[in-house]
Amino acid sequence: MADYVLEKFIDKKDIKSKIKDIAEKISFDYKNSERLLFVGVLKGAWIFLADVVRAIELPLEISFIAVSSYRNKTETNGVVRLLWDIDVPLAGRDVFLVEDIIDTGLTLKHLKELFTIRKPKSINLCCLLDKPSRRLVDIEANYKGFTIPDHFVVGYGLDYAGRYRNLQDIYKIVFK
Ligand code: IMP
């Protein structure tokens, strides 16, 4: 039997409305950009990315990068492994790195540094959730959904030991 329960934390209606706000801001700020590229960080960001880009009515491209930092645990081991790189050049492009959640910040810091070397025109960090109390490095999202306390959350792309990514709402895990 599981030693935890799931408690509803963010309703799908609130997620939807937050995504609309983020998409409107990006659409306004980048209305003149012809070279928008959205890079989703797999696996957690795929649902968020899919909803955000469908709410943006500008020409854009999509790519994915895969990293691994959690191994069936709620704690990071601090090592960000690149499992799959993007398949497009970044030079001269307005790039959005899209993450499900910023926790310690190690993943996005590592990816931002990796992308900066490739000389994009701009890099923005976009995340649905932010846990600032857990930050180990100095990194902030330019576009973000919800700031949350130190809970481990699942659903809407986020997993615990590989499960719950398909849930439409976001839940917090409460250990018994
Ligand atoms: P960071 O490098 O510590 O900022 O962690 C980023 C990654 O850790 C996210 O993309 C998630 O995959 C994972 N992560 C951090 N917090 C949570 C959580 O509360 N639920 C599920 N995954 C999380």
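All residue numbers refer to positions in the sequence shown, counting from 1. What you see is a predicted model; the values in this text were computed from it and never measured. In listed order, ligands and their atoms are each counted from 1.
The shortest non-hydrogen separation linking L129 to I170 is CD1-CD1, 4.0 Å. Nearest heavy-atom pair across V41 and L97 is CG2-CD2, 3.9 Å.
Residue contacts with ligand 1 include K131, since one of its heavy atoms falls under 4.0 Å from the ligand. Within the 4.0 Å heavy-atom shell around ligand 1 one does not find V41. Residue G44 places no heavy atom under 4.0 Å from ligand 1. Taking 4.0 Å as the cut-off, R135 does not count as a neighbour of ligand 1 on heavy-atom distance.
Contact annotation for K43 and ligand 1: no heavy atom of the residue comes within less than 4.0 Å of the ligand. Contacts with ligand 1 closer than 4.0 Å are made by backbone heavy atoms (N, CA, C, O) of D159 only, the side chain lying farther away. Residue contacts with ligand 1, taken as heavy atom pairs separated by less than 4.0 Å, involve V153 via backbone and side-chain atoms alike.
Remark: side-chain polar atoms of D94 are not paired, donor with acceptor, to backbone N or O of L36 under 3.5 angstrom.
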field: Evaluation steps, salt bridge (Lys or Arg N to Asp or Glu O under 4.0 Å), between D85 and R118
entry: CA-CA 13 Å; D85 203 350; R118 301 177 187 182; 2.7 Å; yes

- request: Could you walk me through whether D150 and S133 pass side-chain hydrogen bond (donor to acceptor under 3.5 Å, both in side chains), step by step?
  value: CA-CA 7 Å; D150 183 11; S133 63; 5.0 Å; no

message: If you apply the rule salt bridge (Lys or Arg N to Asp or Glu O under 4.0 Å), what do you find for K176 with D3, and how did you get there?
response: CA-CA 6 Å; K176 289 181 198 162; D3 60 348; over 6 Å; no

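The aromatic rings of F96 and Y143 sit tilted relative to each other, their planes meeting at an angle between 30° and 60°.
Taking only nitrogen or oxygen atoms, main chain and side chain alike, L158 does not reach within less than 3.5 Å of ligand 1.
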Compile the donor-acceptor pairs under 3.5 Å between side chains in residues 45-66 and protein atoms, sequence neighbours left out, one pair per line.
from: W46; atom 1: NE1; to: K43; atom 2: O; distance (Å): 3.4
from: D51; atom 1: OD1; to: R54; atom 2: NH2; distance (Å): 2.6
from: D51; atom 1: OD2; to: Y156; atom 2: OH; distance (Å): 2.6
from: R54; atom 1: NE; to: A50; atom 2: O; distance (Å): 2.9
from: E61; atom 1: OE2; to: R93; atom 2: NH2; distance (Å): 3.3
from: S63; atom 1: OG; to: D87; atom 2: OD1; distance (Å): 3.0

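Ligand-side atoms of ligand 1 in range of T104: 1 (P), 2 (O), 3 (O), 4 (O), range being under 4.0 angstrom from any heavy atom. Residue-ligand proximity, H151 to ligand 1, at heavy-atom distances under 4.0 Å covers atoms 19 (O). Taking a cut-off of under 4.0 Å to the non-hydrogen atoms of D100, the atoms of ligand 1 that pass are 9 (C), 10 (O), 11 (C), 12 (O). Close contacts of ligand 1 with T107, meaning ligand atoms under 4.0 Å from a residue heavy atom, involve 1 (P), 2 (O), 5 (O), 6 (C).
For atom 22 (N) of ligand 1, the nearest non-hydrogen atom from the set Y171, F152, Y160 comes from F152.
For R163, the side chain to side chain contact (heavy atoms under 4.5 Å, CB included) partners two or more places apart in sequence, or in a different chain, are Y4.
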